[in-house]
Amino acid sequence: MHAEGAHQHQPPQRFIWKYIFSLDHKVIGKQYYFLALFSVVVGMALSWLIRIHLVWPNASIPGLDKLSAAGAPGGVMTPEYYLSLLTLHGTIMIFFVLTTAPQSGFGNYFLPIQIGAEDMAFPRLNMLSFWTTFVALVVLLATFFVTDGPPISGWTSYPPLSAVGSAAGPGEGLGQTLWVVSIAIFCVGSLLGALNFIVTTLDLRTRGMTLMRLPLTCWAWFVTAVLGLLSFAVLFGACVLLVLDRVGGTSFFIPAGLVVSDKVINHAGGSPLLWQHLFWFFGHPEVYIAILPGMGVTSHILSCFSRKPIFGYRAMAYSLMAIGFLSFTVWGHHMFLSGMSPYTAFSFSVFTMAIGVPSAIKTFNWLGTLWGGRLRFTTAMLFSIGFVSLFVTGGLSGLFLAQPAVDTSLHATYFVVAHFHMVMGVAAIFGMFAGTYFWFPKMFGRMMNETWGKVHFWITFVGVYCIFMPMHFIGIEGAIRRYSTSTVNYLIPMIPVHKFMTLWALITGAGQFIFLINVFWSMFKGEKASVNPWEGTSLEWTVPSPPPWDNFAGQHPVVYHGPYEYAVPGAAKDYVMQDSPEKVVAT
Amino acid sequence: HGNNALEVGWTTAATIVFIGLNLIGYRIWANMYFTPAPPDALEIEVQGQQFAYYFRYAGPDGKFGPTHVEKIDDATGNFYGLDREHDPDAKDDVVTATLGVPVDRPIELILRSKDVGHSFYVRELRLHQDILPGIEIPIHFTTTEDALKYNGGKYEIVCTQLCGLGHYKMRAFLQVMTEADFEKWLQSQAAAQ
Amino acid sequence: MEPVVAPVKPETPAGIDNLGRNGDGFGGGDRLGGGGGGPDSRGWAGSVRVYRTGMWMALAAIVMLFAAFTSALVVRKGLSNDWVATALPRVLWLNTAVLIASSVTFEFSRRSLAGDPSFSARRFSRWLYVTLALGLAFIAGQLIAWRELASRGVYLATNPSSSFFYLLTGAHGLHLLGGIVALFYVALRARQLALAPAKRVVVDVTAIYWHFMDALWIYILLLLTVRS
């Protein structure tokens with residue numbers, strides 16, 4: 001019930017304890033958020049370089065030779081540098097954006113408040129987990145500056161390419177080792193964070209906050225944390241094995257008899273398939289870690305701005321748990337054609353279709369929430385509706401990929417790239433945008449500019465469809481991913497489509513500056529926010545904007561209602577706060 | 001707050017549709033992978049390496065000679081590391097840079113890698129298999145007469161598993177030929193060994 | 001020696017149990033809300049629950065890590081015909097006995113706290129020091145086992161079986177060292193007579209971890225003998 005252990009009795013006064021090594025979950029949440037914001041700008045810049053190279057491979061990009069003289073002599077990107085940028089784009093986006101902001105950013109800030117606690121269960125562990133993640137990012141970015149450059153093996157880092165060292169290609173020397181070390185450090189930070197979230201949710205709920213009265217954001221953060229706790233440990237183990245293969249002379253992943261760059265490799269008997277199993281056992285829950293918080297935020301916001309309770313609260317909570325559980329059973333769908341047993345492949349495909357069912361339930365329930373609601377089209381609401389649209393689009397393409405017979409044609413094509421960008425690169429990002437526009441008043445005490453928010457929404461919404469819809473079609477036609485240039489005969493006719501996608505990538509990217517300016521300008525000059533500007537019902541809307549350092553100023557809220565009591569018949573207003581003693585229909 | 005009947009309804013409908021689609025697709029997958037190649041299939045070895053494919057035919061003796069890793073020498077064209085002087089089975093092996101196949105005959109490809117992970121993909125024939133270093137993976141197919149008509153029977157084989165800086169240009173050609181043309185082609189390749 | 005009496009700490013004006021310099025992560029105390037909130041009806045028991053839950057969650061993650069290593073071992077062994085079993089150094093059996101004994105002695109010391117508001121510092125600390133010594137002896141014994149293998153020319157990269165031997169024993173040893181650090185901490189707090197009933201969760205939680213390390217070691221030993 002109370003924050004324990006290291007929570008101080010008075011707020012810290014000195015700058016270093018207040019802002020740098022703060023133990024306050026709100027500060028740590030903001031630190032994660034800004035780390036993710038910085039990372040997404042870097043990741044997006046990398047994506048522009050990728051897209052520009054795909055349509056103008058021989059162009060000289062100003063300044064690129066300053067970043068790497070070997071990788072881009074005269075500013076012209078070499079094929080290996082293309083692969084390096086691609087590897088870092090994926091790694092930064094998936095780990096340092098999608099695994100940080102939705103969970104550790106918003107979750108750290110709002111989980112304790114929404115459950116009525118003063119802080120997370122282990123504030124010092126919380127601080128440590130942020131700084132560990134920060135160190136991991138520094139190590140990763142350091143790969144830009146080592147002699148051989150960043151690794152070229154993709155964010156999936158399959159051995160033997162990633163295990164045999166620099167014989168396999170540029171970037172596969174120190175760069176690859178640093179990459180593995182960075183990810184291992186990231187695993188530790190994530191594990192510490194996941195532990196904190198689980199314990200906080202289980203043990204620190206205030207009186208009256210039963211599990212079935214938790215906002216769906218808390219449910220999402222909780223299930224995500226369980227996924228993280230169980231999956232990141234496996235990735236950490238895999239990274240240890242890969243590092244040992246690289247520097248310790250072991251052969252966990254390297255088979256015998258390899259000749260790389262005319263050198264006979266002195267390893268024997270390992271299995272590249274083992275890495276794939278370990279990596280994807282982590283990798284599939286990881287993508288659900290990326291999307292579940294967005295689902296929670298979407299439910300939360302759609303309910304608020306439809307002025308209706310979420311349709312089927314229990315089904316929503318149960319489907320979050322079902323998705324979490326099933327996410328551990330489907331990893332083989334990344335490996336249908338890998339050489340593993342085709343019988344195993346088929347069983348993975350059945351589970352993959354099964355995980356579509358709770359996802360469909362959630363989609364129907366979101367639509368059911370909107371149906372008949374008195375809709376308020378704030379920017380946060382627009383992004384949440386956009387989330388539903390993008391999740392449906394991305395989910396539908398997933399159904400195709402889940403059939404191994406169809407995957408025979410689509411594996412490793414741009415169809416896959418389109419699918420995962422739709423669900424992760426866009427839907428999850430929309431969840432973050434929605435969360436930002438919704439919670440910014442609470443976090444910073446000021447309102448964001450709604451007009452520019454809506455401009456940002458429309459540019460982004462139209463833009464992402466223009467970028468990623470055509471990608472499905474070139475994928476079906478056989479466009480192969482991770483190709484730095486289209487020299488294969490049948491790829492050449494697709495170049496005009498690439499040009500269209502690049503154009504929209506640049507336009508959409510430019511549109512994000514509207515968001516960045518809105519965020520930073522509003523932080524200092526935005527209109528001052530009230531306690532409950534959106535007329536929401538959950539506990540974060542009972543505390544000042546921004547909240548005091550111990551959230552509830554020494555009080556302990558008591559919860560009487562469920563989280564989405566909007567439009568309750570007989571209530572005084574069209575919403576009933578969770579901590580309001582007003583007697584209405586029991587929940 | 002919700003409607004239980006609707007929830008049950010759409011959950012059931014989604015389950016039936018999703019699992020149903022999956023089971024319908026089972027047959028196609030089973031045809032490709034659950035049945036072995038017929039015993040009279042023509043065996044051809046495919047070796048993926050950074051950044052090319054090389055193919056090996058067993059020759060008249062029908063046997064593939066042993067490969068020796070330390071004898072591999074790309075400069076002299078000994079991609080498989082054959083020892084033609086000391087291994088009788090290797091004498092008549094034919095190594096080519098193009099995958100020639102006779103039409104209307106079952107073909108079994110044995111996929112292997114010399115260095116890192118690769119993949120073998122012919123999009124028009126829906127032939128796709130990752131090549132895993134350390135094991136030999138068989139896939140089988142039979143081309144029909146229609147395959148001769150498209151582009152003169154010439155198809156691009158591309159690599160779809162990230163294998164290094166030359167991944168984008170790792171490519172070979174599959175040439176479907178009539179039986180007679182195939183025998184002529186194989187003999188001319190054998191003469192050039 | 002000195003009389004055994006639970007230390008009485010003066011309550012601060014806000015009714016807050018001082019948790020020590022800058023707060024230490026251990027030792028649940030009762031945080032009564034500043035200025036106005038009455039005592040929590042659940043008392044301190046509810047607030048120390050976080051440490052137990054946290055420890056079980058940490059153990060879940062460690063289980064997954066060793067599950068990953070186990071599956072790697074099983075796959076690797078099944079894959080190839082170059083598996084040469086590593087003969088386990090005999091000292092490992094002695095080490096196992098030492099570790100089991102340390103779990104027993106830890107329980108002696110922990111139970112001396114049970115139901116006793118004034119703990120017997122002497123009894124508690126004596127068995128704790130024995131546990132600590134046994135834990136250090138285990139680590140020393142593991143290092144001896146490693147040296148014995150090295151003297152036979154068996155190193156990390158010698159063959160797949162030896163790789164897993166060093167990997168599993170090394171990973172376990174590192175985790176056990178963490179437990180030893182925790183034991184040092186508990187011993188320190190005991191010396192400072194700072195183990196009032198509310199603070200004893202640190203002992204319980206360290207015990208859960210320690211016994212788990214014991215069980216994990218037995219699992220690893222079985223895995224290495226049966227599978228390796």
Side-chain angles (χ1 to χ4, degrees), chain A residues 78-80 83 152-154 158 160-161 164 168-170 255-262 264 270-273 309 311-315 337-339 342-343 346 349-350 353-354 356-357 360-361 364 368 399 402-406 408-409 411-413 478 480 482-485 487-490, chain B residues 1-4 6-7 10-11 14-15 18-19 21-23 25-34 49-50 67 69-70 72-75 81 111 113-117 119 121 123-124 126-135 137 156 158-169 171:
Chain A
T78 54
E80 54 270 29
L83 292 176
I152 59 171
S153 55
Y158 279 10
L161 181 62
V164 294
L258 299 185
V259 178
V260 183
S261 298
D262 298 326
V264 178
S271 168
L273 205 55
F311 189 96
Y313 172 88
R314 275 181 187 259
L337 300 179
S338 62
Y343 297 95
F346 189 73
S349 116
V350 177
M353 296 305 270
V357 174
I361 293 174
F364 290 129
L399 289 178
Q403 314 304 326
V406 177
T408 311
S409 289
H411 171 65
T413 62
I480 308 300
R482 295 167 164 171
Y483 270 18
S484 56
T485 325
T487 55
V488 168
N489 291 338
Y490 69 72
Chain B
H1 278 256
N3 181 329
N4 278 342
L6 265 180
E7 294 275 15
W10 57 50
T11 306
T15 312
F18 292 172
I19 306 293
L21 283 173
N22 207 19
L23 295 175
Y26 172 89
R27 206 169 30 90
I28 305 172
W29 182 249
N31 268 342
M32 287 197 285
Y33 284 100
F34 293 176
Q49 60 187 68
Q50 289 177 325
T67 56
V69 153
E70 65 284 0
I72 291 181
D73 184 0
D74 283 9
L111 301 167
S113 166
K114 182 183 127 191
D115 38 42
V116 299
S119 189
Y121 184 34
R123 66 169 187 166
E124 293 85 352
R126 313 284 191 254
L127 273 180
H128 200 166
Q129 176 60 51
D130 283 355
I131 306 180
L132 204 64
I135 68 177
I137 303 178
E156 279 177 297
V158 297
C159 177
T160 65
Q161 165 99 290
L162 180 53
C163 54
L165 61 87
H167 173 56
Y168 71 100
K169 53 179 180 171
R171 174 183 59 172

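If you're wondering where the values come from, they're calculated on a predicted model, not measured in any experiment. Atom set for the values below is all heavy atoms of this structure, side chains included, hydrogens, waters and symmetry mates excluded. Order of the sequence lines fixes the chain letters, A, B, ..., with proteins taken first and strands second; residue numbering starts at 1 for each chain.
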- Item | Candidate pair B:Gln49 and A:Val259, rule side chain to side chain contact (heavy atoms under 4.5 Å, CB included), full reasoning | CA-CA 9 Å; B:Gln49 60 187 68; A:Val259 178; over 6 Å; no
As an exercise, state the distance from [atom1] of [X] to [atom2] of [Y], rounded to the nearest 0.5 Å.
{"X": "B:Asp115", "Y": "A:Asp262", "atom1": "CG", "atom2": "CG", "result": "10.0 Å"}
{"X": "B:Ile131", "Y": "A:Ser338", "atom1": "CD1", "atom2": "OG", "result": "13.0 Å"}
{"X": "B:Cys159", "Y": "A:Ile480", "atom1": "SG", "atom2": "CD1", "result": "9.0 Å"}

- Message: Would you say CG of B:Asn31 has more than 12 non-hydrogen atoms from neighbouring residues, nucleotides or ligands within 6.0 angstrom?
- Response: yes
Please state whether the side chain, the backbone, both or neither of [X] comes within less than 4.5 Å of a heavy atom of chain B.
{"X": "A:Thr78", "value": "neither"}
{"X": "A:Pro309", "value": "side chain"}
{"X": "A:Leu161", "value": "both"}

Tell me, for [X] versus chain A, whether the close heavy atoms (under 4.5 Å) come from the side chain, the backbone, both or neither.
{"X": "B:Asn3", "answer": "both"}
{"X": "B:Tyr26", "answer": "both"}
{"X": "B:Arg171", "answer": "side chain"}
{"X": "B:Leu132", "answer": "side chain"}

- Residues in side chain to side chain donor-acceptor pair (under 3.5 Å) with B:Gln129, at least two apart? B:Tyr33
- Message: B:Tyr168: which residues meet the side chain to side chain donor-acceptor pair (under 3.5 Å) condition with it, sequence neighbours left out?
- Response: none
- B:Val116 side chain near A:Tyr158 side chain, heavy-atom distance below 4.5 Å: no
- Task: Determine, stepwise, if the pair A:Phe364 / B:Glu7 fulfils side chain to side chain contact (heavy atoms under 4.5 Å, CB included).
- Result: CA-CA 8 Å; A:Phe364 290 129; B:Glu7 294 275 15; over 6 Å; no
